[in-house]
Each structure stands twice: as structure tokens, then as C-alpha cells.
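Whatever order the structure lists ligands and atoms in, that order sets their numbers, starting from 1.
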Amino acid sequence: MSKNAILNSLLLIISVFMIAIVYNCKYSIEESDYFKPQVLATHFNGEQFVGSTTCMECHKDIYSTHLKTAHYNTSAIADSNSVKGSFKEGSNTLDLRDVAFEMKIHEDSLYQHTTLKNRNAIKPPSKFDIVIGSGVKGQSFLTWENNELYQLQVSYYTPLDDWVNSPSFPAYSYTRPIGDACLKCHVTFATNIPNTNKKNIYDRERMLYGIDCERCHRPSEKHVVYHRANPEAKEAKHILKIKDLSRQQRLDVCAQCHSGLREELIKGTPFSFLAGDRLNEYSRNHGTANPNEELDVHGNQYGLLTSSECFKQTPTMDCNTCHDPHKNQRGNTALFNSKCIACHSASSSVCTAESMKKDIMGDNCIACHMPTKASQAMQVQLAQDSVETSFNVRTHLIKIYSEEEWQE
Ligand code: HEC
Ligand code: HEC
Ligand code: HEC
Ligand code: HEC
Ligand code: HEC
Ligand code: HEC
Ligand code: HEC
């Protein structure tokens, strides 16, 4: 062999070797879990959900405060940690007119046992599979029958720390099929399997519990992949910038769940709307031609707030003026007062009220200007013959109320 031929074949061997190394690296990078996070579900538009544990490494503070929010905890797999009601003998029953329930644990699973009183019969036990509600006010429970989802008759009511009949259930044995119209505000995403007879059939493996980051920020797989591959990049890529949206779009992020039931679907499913879209193109409330008409204090904070002078007379106020969506701020009176004063300190006195009560209430602005009211929509029957009692919810219609309406 000539010198040249030897050199050439050496070069060839080296380049084949190099190509193999490069290919191998690239291949192993693409195959690694780190660079390709596990996809938990795919939205109808093709964007992919990867879950908040993937956000943790780069958004540690937001991730850890988010775990304590009512949003994150508003739905979960049922177990003895997530279910607040008692399974102890003596406090594990609910007695209604025609039906009685006993809640029991069997091999780490939780069950509702049902006795039909007038027929002296027992129904097969129903398992607690999913918890709905963080427990601030109460919890309801869902059960799977194959891939069909139903609501259990017992709910849990926090003020009494006891079991109650589920809101709007009768005093006889009953289960309610649970479709998207119920799940849409309490889970991040669910994949309903279309069926002409039933609206409660789901892909059980593609249900994302809790209201997680990606419900407000859109499915974020591309963002995670990009930033993991480019750790030096400081500017956010492949993620919606909420602060650059119009006020209406920013409000819509919250209004999708806080502006009433929006039963009238215009397009897609209740999970089609994503942050950045225009909510009114997706769904509407029935009969709210007049936005001030019968605004219920439950679930329509958007309608109430937008009817307030504070909102109407400022160009920028939105939900995040007072709320940090990543933190649990319930009961932080000082923080909320400071939000009011941020706008109202300009006048010589913050508030014109000269009543003695103002001192007694410790300058708690919301006690007088955003009092709590009974919800018309959320009512529960506590026991056999009791009348229905309502949840109290804080009104977002900020105005001057009479002394009788102030809350102690
Ligand atoms: C490998 C790192 C990394 C991961 C993982 C990551 N991010 Fe980010 N993210 C960044 C960087 C870098 C920025 C830009 C700097 C900043 O705002 O913190 C950013 C910014 C953001 C922003 C602000 C966008 C803006 O400018 O308004 C949001 C929202 C966001 N990320 C959401 C998420 C969500 C949700 C997840 C999990 C599904 C996630 N990120 C996972 C690195 C990451
Ligand atoms: C339009 C959105 C929406 C729909 C639909 C909806 N909820 Fe809710 N739900 C809420 C909001 C918002 C709250 C918080 C109440 C408040 O403070 O205003 C809530 C509160 C609750 C609570 C109390 C949670 C707690 O920890 O205090 C339970 C339990 C509950 N919902 C169960 C259900 C069930 C069961 C369904 C379906 C039959 C349902 N919800 C449908 C928005 C919704
Ligand atoms: C209930 C809706 C909601 C949820 C859930 C949520 N965010 Fe946000 N996030 C927002 C809104 C709204 C803003 C913009 C706030 C503003 O106006 O500045 C924001 C801003 C951000 C920003 C940029 C500004 C900042 O505060 O640094 C990052 C990063 C972010 N979110 C990450 C996350 C991550 C990570 C999670 C989950 C662990 C998460 N968010 C969960 C609504 C939400
Ligand atoms: C996917 C539906 C959904 C979205 C989107 C959503 N919320 Fe909620 N929100 C709920 C539900 C459901 C609850 C009741 C949770 C519970 O206690 O179980 C709730 C509770 C709350 C609470 C009471 C928290 C507490 O500690 O009791 C506040 C405040 C709130 N939301 C503000 C917002 C704001 C601000 C936004 C927009 C940035 C927003 N929400 C977006 C469904 C939603
Ligand atoms: C973004 C600025 C802003 C914030 C935050 C704000 N307000 Fe206002 N508010 C206004 C403006 C502007 C008006 C209308 C002019 C006026 O009456 O001062 C107003 C009006 C009012 C009124 C008179 C309403 C009427 O119908 O006559 C009350 C009461 C009030 N605000 C209380 C509060 C309370 C309590 C808070 C905190 C929970 C608050 N505001 C937060 C800007 C704000
Ligand atoms: C002017 C300040 C302010 C604005 C703006 C505001 N909120 Fe609130 N919100 C409050 C205060 C104060 C509370 C009571 C907190 C507490 O009980 O600790 C509250 C409570 C809530 C609750 C829990 C209600 C209950 O009684 O369980 C929800 C849900 C909520 N806000 C949603 C929203 C949404 C959605 C928006 C935007 C449409 C919004 N808020 C805008 C001040 C505000
Ligand atoms: C004890 C109940 C009470 C408390 C607490 C209270 N207010 Fe008032 N506020 C009133 C009443 C009553 C009026 C109407 C007085 C009148 O008609 O002269 C009023 C009037 C107002 C007005 C409209 C009149 C004006 O000054 O322009 C604003 C704004 C206001 N309050 C803001 C606040 C803020 C901010 C706080 C918390 C720092 C607060 N209020 C605490 C009862 C209260």
C-alpha cells in the first residue's frame, strides 16, 4: 500500500469513529428522560402537558408555594390523606330519610356503604377514587365504574367537620354521572371519550389532577425541552407571556372558572380554551344579557368585580392586582388592606367612614366593603330533616354596604 492509501484509510477510520461518537451522543441525549420529559397528556391542539414536577428545577420558589394553594389541592386521588372526613366508628355515618351511609376503610381503600332503609337492602360498596375540593369549605368524591365517572352521595362539610348529603342530591339513594361540565374547573385536563348515550366516559390515564401550572400557562413541553437543552438562555422561550396580554385576556385566564358555569358551549369541549385565547369565543353564560342581573357570589368573582367602581374607573385592575396565583393568601388581612390602600391613600383620609366600628374592625377594609354572603348556588343538606344551609362566599362587588351587611 502507498503512503497516501494508508493515510486515506486512517482518515476514513477516524471519521467513521467520529461520526459514531457524535451520533451516539445525539441519540442518547434524545433518548434521555431529562431532555425529553414524560408527556402526561396531549391537548386537542397538539400541545403537550408535562406536569409541575418538571418546572421545579428552574422555578423552585413558585413550585413550592404552589403546592400549598387551594388550586393545586382542588382534586387528587382519594386516600386517607386527601379525604378529610372521618372513617372512625361513631363518626363515619350519614343518615338521610330513605338511605343511610357508612364510610369504611378496607385494605387501604376507602368505601361508601349504602343501606336502602325502606327496602331493607344493601347496595354494593362504592369506592372513593377522586377527591374534589381542597377542603377550605368542603369536599365531594367521585367513583369509577369501569371508565364511567360518578359522584358519591356523601360529601364532607368543613365547618361541621362531618359528612353531609352532596349539594342538590335528594334524600333517597342517588349517584350523579360526572361530565366535563363539572370537572372543567377542578382538574387541569381530562380526555372525555365521546359516546352518544353517556357524557361521563374518560381516558383514566390521561386525567391531570389539581389546577396545575399548565392550566394557566398552557401545556409547556416545548418550553421545558428548550430550556433544558439551553441552560444558559435567560429569556423565556415557547411560553405564553401573560403580562403582555390585554386586560381582557388576563382576566379570561381566571374567568374560565370564576365567571359562573358558562354552560353554553360555543366551540370545542370545556377544556379547549387555553390562556391567551378569547373566552367569549368558547363559552357563554345563559341569560346574562344584563351583567348586573343576579350575580351570584359563588363562582362569579369576575362578574362582580367588573361591576365595581374600582375596576370600572381604573385601566389596569385585574385579579392579580390583589391575588398572587402562586401563593395561598387566605386570611392575610394585612396584605389585602395594603392592596386597597395602594390606590386609595391619595385622598386625605383613606376611608370617609367615621363609625366607631371601623376601629373595632381593625381597619379591615374588606369586612365592610367586600363582606361574605350566602351562596345561592352551593347549598348542602346537613342531616335527615334539616333545612339546606349555604356556603358563605366573599363578594367581589366592592362598594359601600350598610352596617347590617358588614361581617363580624
Ligand atoms: C430548564 C429550566 C426551565 C424549566 C424546566 C421550566 N422553565 Fe419556565 N422559564 C425558564 C427560564 C430561563 C425563564 C426565563 C426567566 C424567568 O422568567 O424566570 C422561564 C420563564 C417562565 C415563565 C415566564 C414567562 C414570561 O416571561 O412571562 C413562565 C410562565 C414559565 N417559565 C413557566 C414554566 C412552566 C409552567 C414550567 C413547567 C411545565 C417551566 N416553566 C419549566 C426555564 C425553565
Ligand atoms: C365554573 C367552575 C366550576 C364548576 C363547573 C364546578 N365548580 Fe366546584 N368550585 C368552583 C369554585 C370557583 C370554587 C371555590 C368557591 C369559592 O370560593 O367561590 C368551588 C368549590 C367547590 C367545592 C368546595 C371546595 C373547598 O375546598 O372549599 C367543592 C366540594 C366543589 N366545588 C365541588 C364541585 C363539583 C362536585 C362539581 C361538579 C358537579 C363542581 N364543583 C363544579 C368552581 C366550579
Ligand atoms: C391559577 C393560574 C396559575 C397557576 C396555577 C400558575 N400560574 Fe404562573 N402565573 C399566572 C399569572 C396570571 C401570571 C402573571 C402574573 C402577573 O400579572 O404578573 C403568572 C406568572 C408566572 C411567571 C412569571 C412571573 C413570576 O412570577 O416570576 C412564572 C415563572 C410562572 N408564573 C410560573 C408558574 C409555575 C412554575 C407554576 C406551577 C408550579 C405556575 N406558574 C402556576 C397564573 C398561574
Ligand atoms: C381551572 C379552573 C380555575 C382557574 C383557571 C382559576 N381558578 Fe381560582 N379556583 C378554582 C377552584 C375550583 C377553586 C376552589 C379550590 C378549592 O378550594 O378546592 C379556586 C379558588 C380560588 C381562590 C381561593 C383560594 C383559597 O385559598 O381558598 C382564589 C383567590 C382564586 N381561585 C383566584 C384565581 C385567580 C386570580 C385565577 C387566575 C389567575 C384563578 N383563580 C384561576 C378554579 C380555578
Ligand atoms: C387599582 C386601584 C384600586 C384598588 C386596588 C382598589 N380600588 Fe377601590 N376604587 C378605585 C377607584 C379608581 C374608585 C372610584 C373612585 C373613588 O371612589 O375613589 C374606587 C372606588 C371604591 C369605593 C367606592 C365605591 C362606590 O361604589 O362608591 C370603595 C368603597 C372602594 N373603592 C374600596 C376599595 C377596597 C376595600 C379595596 C381593596 C379590597 C379597593 N377599593 C381596591 C381604585 C381601586
Ligand atoms: C381589590 C382586590 C381584589 C381583586 C381585584 C380580586 N380579589 Fe379575589 N379576593 C380578595 C379578597 C380580599 C378576598 C378574601 C381573601 C380571604 O378571605 O382571605 C378574595 C377572595 C377570593 C376568592 C375566595 C372567595 C371565598 O370566599 O372563598 C376567590 C375565588 C377570588 N377571590 C377570586 C378572584 C378572581 C377570579 C378575581 C378576578 C376576577 C379576583 N378575585 C379579584 C380581593 C380581590
Ligand atoms: C367599619 C366599616 C368600614 C371599614 C373597616 C372600612 N370602611 Fe371604607 N367606608 C365605610 C362606610 C360606611 C363608607 C361610606 C361613608 C360615607 O358615606 O361617608 C366608606 C367609604 C369608603 C370609600 C368611598 C368614600 C371615599 O373616601 O372616597 C372608600 C374608597 C373606602 N371606604 C375605602 C376603605 C378602605 C381602603 C378601607 C381599609 C383601609 C376601609 N374603607 C375600611 C365603612 C368602612
Side-chain angles (χ1 to χ4, degrees), residues 68-71 73-74 133-138 158-159 185-186 211 215-216 242 247-260 262 275 279 291-292 295-325 327-375 377-378 390-408:
K68 300 190 184 77
T69 59
H71 282 152
N73 294 299
T74 200
S134 68
V136 173
K137 299 187 178 69
T158 306
C185 302
H186 287 280
I211 297 172
R215 180 61 186 256
C216 298
I242 294 184
R247 168 152 84 161
Q248 189 57 50
Q249 284 169 308
R250 277 184 283 127
L251 286 163
D252 283 354
V253 175
C254 314
Q256 57 173 314
C257 305
H258 290 288
S259 64
R262 307 189 78 92
L279 187 58
N292 293 319
L295 292 178
D296 189 77
V297 288
H298 166 250
N300 200 349
Q301 288 85 10
Y302 167 81
L304 293 161
L305 184 75
T306 53
S307 304
S308 306
E309 292 307 317
C310 304
F311 180 88
K312 290 198 280 193
Q313 299 197 34
T314 52
T316 53
M317 181 186 261
D318 62 24
C319 309
N320 308 310
T321 306
C322 301
H323 295 291
D324 179 341
K327 290 199 177 121
N328 187 335
Q329 301 173 309
R330 183 169 281 277
N332 194 340
T333 309
L335 177 110
F336 289 116
N337 280 349
S338 74
K339 303 287 184 185
C340 313
I341 292 164
C343 288
H344 286 290
S345 62
S347 47
S348 52
S349 74
V350 170
C351 176
T352 43
E354 285 174 43
S355 152
M356 279 299 291
K357 284 254 174 60
K358 195 170 163 241
D359 300 329
I360 298 166
M361 290 182 166
D363 254 3
N364 184 359
C365 318
I366 63 172
C368 301
H369 293 298
M370 296 179 69
T372 56
K373 305 227 150 184
S375 163
M378 267 212 277
S390 293
F391 285 89
N392 278 337
V393 185
R394 190 168 298 281
T395 181
H396 277 63
L397 186 60
I398 307 172
K399 65 178 184 93
I400 295 161
Y401 290 88
S402 68
E403 206 162 321
E404 297 78 65
E405 295 174 291
W406 297 351
Q407 144 237 342
E408 295 303 323

Nearest-contact summary for atom 29 (C) of ligand 5 - protein heavy atom, Å | His369 ND1, 3.3 Å
Between Ile400, Thr333, Asn364, flag the one that comes closest to atom 13 (C) of ligand 7 by a heavy atom.
-> Ile400
Validation row: Arg215, Cys257 side chains within 4.5 angstrom (heavy atoms) | yes
Can you pull out the closest protein heavy atom to atom 22 (C) of ligand 6? Residue, atom name and distance to 0.1 Å, please.
-> His396 CE1, 4.1 Å
Subset of ligand 5 atoms that lie under 4.0 Å from at least one heavy atom of Met370 | 38 (C)
Atom 26 (O) of ligand 5: the protein heavy-atom neighbour that sits closest, reported with distance to 0.1 Å = Glu309 CG, 3.6 Å
At under 4.0 Å between heavy atoms, which part of His344 makes contact with ligand 5: side chain, backbone, both or neither?
-> side chain
Evaluating non-hydrogen atoms only, which member of Cys340, Ala342, Ser345, Cys365 is closest to atom 34 (C) of ligand 7?
-> Cys365
Nearest protein heavy-atom contact for atom 2 (C) of ligand 5: which residue, which atom, what distance?
-> Cys343 SG, 1.9 Å
Does any N/O atom on Gln313 come nearer than 3.5 Å to any N/O atom on ligand 5?
-> no
min-distance protein heavy atom vs atom 32 (C) of ligand 5 -> Ile398 CG2, 3.5 Å
For atom 8 (Fe) of ligand 6, does an N/O/S atom of Cys322 lie at less than 2.8 Å?
-> no
Intermediate values then yes/no, side-chain hydrogen bond (donor to acceptor under 3.5 Å, both in side chains), Asp252 and Gln256 = CA-CA 6 Å; Asp252 283 354; Gln256 57 173 314; over 6 Å; no
What are the atoms of ligand 5, with element, lying closer than 4.0 Å to any heavy atom of Thr314?
-> 1 (C), 2 (C), 12 (C), 42 (C)
Any atoms of ligand 6 less than 4.0 Å from a non-hydrogen atom of His258? List them with their elements.
-> 29 (C), 35 (C)
Among all protein heavy atoms, pick the one closest to atom 11 (C) of ligand 5 and tell me residue, atom and distance.
-> Cys310 CA, 3.9 Å
Distance to 0.1 Å, residue and atom name: give those for the protein heavy atom nearest to atom 23 (C) of ligand 6.
-> Arg330 NH2, 3.6 Å
His323 vs Phe336 aromatic rings, parallel, tilted or perpendicular, using cut-offs 30° and 60°?
-> perpendicular
Pull out every atom of ligand 7 sitting under 4.0 Å from any heavy atom of Cys368, numbered as shown with elements.
-> 1 (C), 2 (C), 3 (C), 4 (C), 5 (C), 42 (C), 43 (C)
A student checking ligand 6 against Tyr302 at a 4.0 Å heavy-atom cut-off should list atoms 38 (C)
